There are 2 protein chains.
Amino acid sequence: MELSCKSEYALLALLELAAQFNCGEPLQIRQIAKRQEIPDRYLEQLLATLRRSGIVRSQRGAKGGYLLTREPWKITLLEIVSCIEGLDKRQAEVNSAPRTVEGNVVLDIWQEAREASETILKSYTLQDLADRRDAQRQLDLMYYI
Amino acid sequence: MELSCKSEYALLALLELAAQFNCGEPLQIRQIAKRQEIPDRYLEQLLATLRRSGIVRSQRGAKGGYLLTREPWKITLLEIVSCIEGLDKRQAEVNSAPRTVEGNVVLDIWQEAREASETILKSYTLQDLADRRDAQRQLDLMYYI
DNA sequence: GTATAACCCCGGTTCTCCACTTGGGATTGC
DNA sequence: GCAATCCCAAGTGGAGAACCGGGGTTATAC
């Protein structure tokens, strides 16, 4: 479960949508891309993936854009990342290989390590992320003064 | 910290060396490769990496081969994997990027998740792996009867 | 001292994936 | 109708993984 550029883009984009959540108006790809400095056509693909797994929904046409389907505190980081990173890939890998005893033992331990990091990611929501960011901004401001 | 083919090969090879540890005789690349069905020329590269970071040492010449430098219970899986996977790569990545506040916050959480899985990997030694394999073999045998 | 069995170094190849681009088509608001 | 917006599909360039091969160098056995 590594932090790829892909996942980070997705998280940053969702942070923008979280900020917009209260007003209920959709936010356009262009806007998000500009604010977070993400290549817009690439972001488009990521948002499509997020849409397919029900984390965001889209509104087509003029004045359209993207919205979160749920409140920011009901979306865990694990959900976001496993959607983007595509966890079915590994699942297939695990099932496919006819393993030796050694291989299986190794695999079990890796599974355990993976679950440990997933537990962390599951414990944070999008809201937590936004809160952390705001707290950090406050700190930065204090040091500046 | 994903389980690549590379890391698995390394672990399997080290398991063979661990079995050999007591008798103190070196084990040849060819032998290891044959037993674990690893392409020998590839394994050669991996063992070279393990040697450079002091996990194994080599004995050249006829009747040469590889040996563990330490007892199997003094080698953690984390050590093996970060040697093979090269953890300096990420470290550089972290230091290089001039990050935004959002990026830093995300990075912090990822760090936390990473540390959780590293804690697991640090808690297992090569000896533990060998013990687990043996236990599993016993189980398999019982089911067979 | 010479053959041999091993390690050592370096470069190339094939394949897959990531990050990104390009070129269209479909839908909606005005 | 037309501009703004999302939707779909394919392609590109570079990096790394998993190998393969050639040509050394070193140490042991005899």
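The analysis underlying the following values was restricted to heavy atoms, covering all of them including side chains, and did not include hydrogens, waters or symmetry mates. The model shown is predicted, which means the values in this text are computed figures rather than measured ones.
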Using a heavy-atom cut-off of under 4.0 Å over every strand shown, decide if B:Arg57 touches base, sugar-phosphate, or nothing.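 B:Arg57: no heavy atom of the nucleic acid under 4.0 Å.
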Would you indicate which nucleotide in [options] comes nearest to any side-chain atom of [X]?
X       : options                : value
A:Arg41 : C:dG25, C:dG24, C:dG29 : C:dG24
B:Pro39 : D:dC20, C:dC30, C:dC7  : D:dC20
B:Arg52 : C:dA19, C:dC9, D:dC6   : C:dC9
A:Tyr42 : D:dA4, C:dC9, C:dC20   : C:dC20
A:Arg60 : C:dG25, D:dA18, C:dC18 : C:dG25
B:Lys6  : D:dC6, D:dA17, C:dA5   : D:dA17
B:Glu44 : C:dT21, D:dC7, C:dC8   : C:dC8

Distance in angstrom units between [X] [atom1] and [N] [atom2], rounded:
X       : N      : atom1 : atom2 : value
A:Leu43 : D:dC7  : CG    : C1'   : 14 Å
A:Leu47 : D:dC7  : CG    : P     : 9 Å
A:Tyr9  : C:dA19 : OH    : C1'   : 7 Å
B:Glu85 : D:dA17 : CD    : P     : 7 Å
B:Leu50 : C:dC7  : CG    : P     : 13 Å
A:Ile38 : C:dT21 : CD1   : C1'   : 16 Å
A:Glu8  : C:dA19 : CD    : P     : 10 Å

B:Arg57 CZ: over 12 foreign heavy atoms closer than 6.0 Å: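 No, the 6.0 Å shell around CZ holds no more than 12 heavy atoms from other groups.
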Any side-chain N or O of A:Ser58 less than 4.0 Å from the OP1 or OP2 oxygen of D:dC7?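 The answer is yes; a side-chain N or O of A:Ser58 sits under 4.0 Å from OP1 or OP2.
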Which is more 5' along DNA chain D, the nucleotide nearest A:Gly65 or the one nearest A:Gln45? Just name the residue.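 Closest to the 5' end, via its nearest nucleotide, is A:Gly65.
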For A:Arg70 and A:Glu79: C-alpha separation, side-chain torsions, deciding distance, then whether salt bridge (charged side-chain N to carboxylate O under 4.0 Å, His left out) applies. CA-CA 13 Å; A:Arg70 275 168 283 158; A:Glu79 193 181 353; 2.7 Å; yes
Cluster question for you: counting only ILVMFWY and a side-chain heavy-atom cut-off of under 4.5 Å, with indirect links fine, are A:Leu78 and B:Leu107 together?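 Yes: a chain of side-chain contacts under 4.5 Å links A:Leu78 to B:Leu107.
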Salt bridge flag under 4.0 Å for residues B:Lys6 and B:Glu85: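 Looking at B:Lys6 and B:Glu85, the cut-off is not met.
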Can you list, in residue-number order, the parts of residues 13-30 of chain B that come under 4.0 Å of DNA chain D, counting heavy atoms only?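 Contacts with DNA chain D under 4.0 Å: none.
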Just checking, any donor-acceptor pair under 3.5 angstrom between side chains of A:Gln138 and A:Asp134?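 Checked: A:Gln138/A:Asp134 side chains show no N/O donor-acceptor pair below 3.5 Å.
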Begin from the C-alpha positions of B:Glu102 and A:Arg137 and carry the test salt bridge (charged side-chain N to carboxylate O under 4.0 Å, His left out) through to its verdict. CA-CA 9 Å; B:Glu102 277 93 341; A:Arg137 280 198 180 137; 3.2 Å; yes
Using only heavy-atom distances, decide whether a donor-acceptor pair under 3.5 angstrom links the side-chain of B:Gln59 to the base of D:dT26.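 When only heavy-atom distances are counted, B:Gln59 does not reach the base of D:dT26 through any donor-acceptor pair under 3.5 Å.
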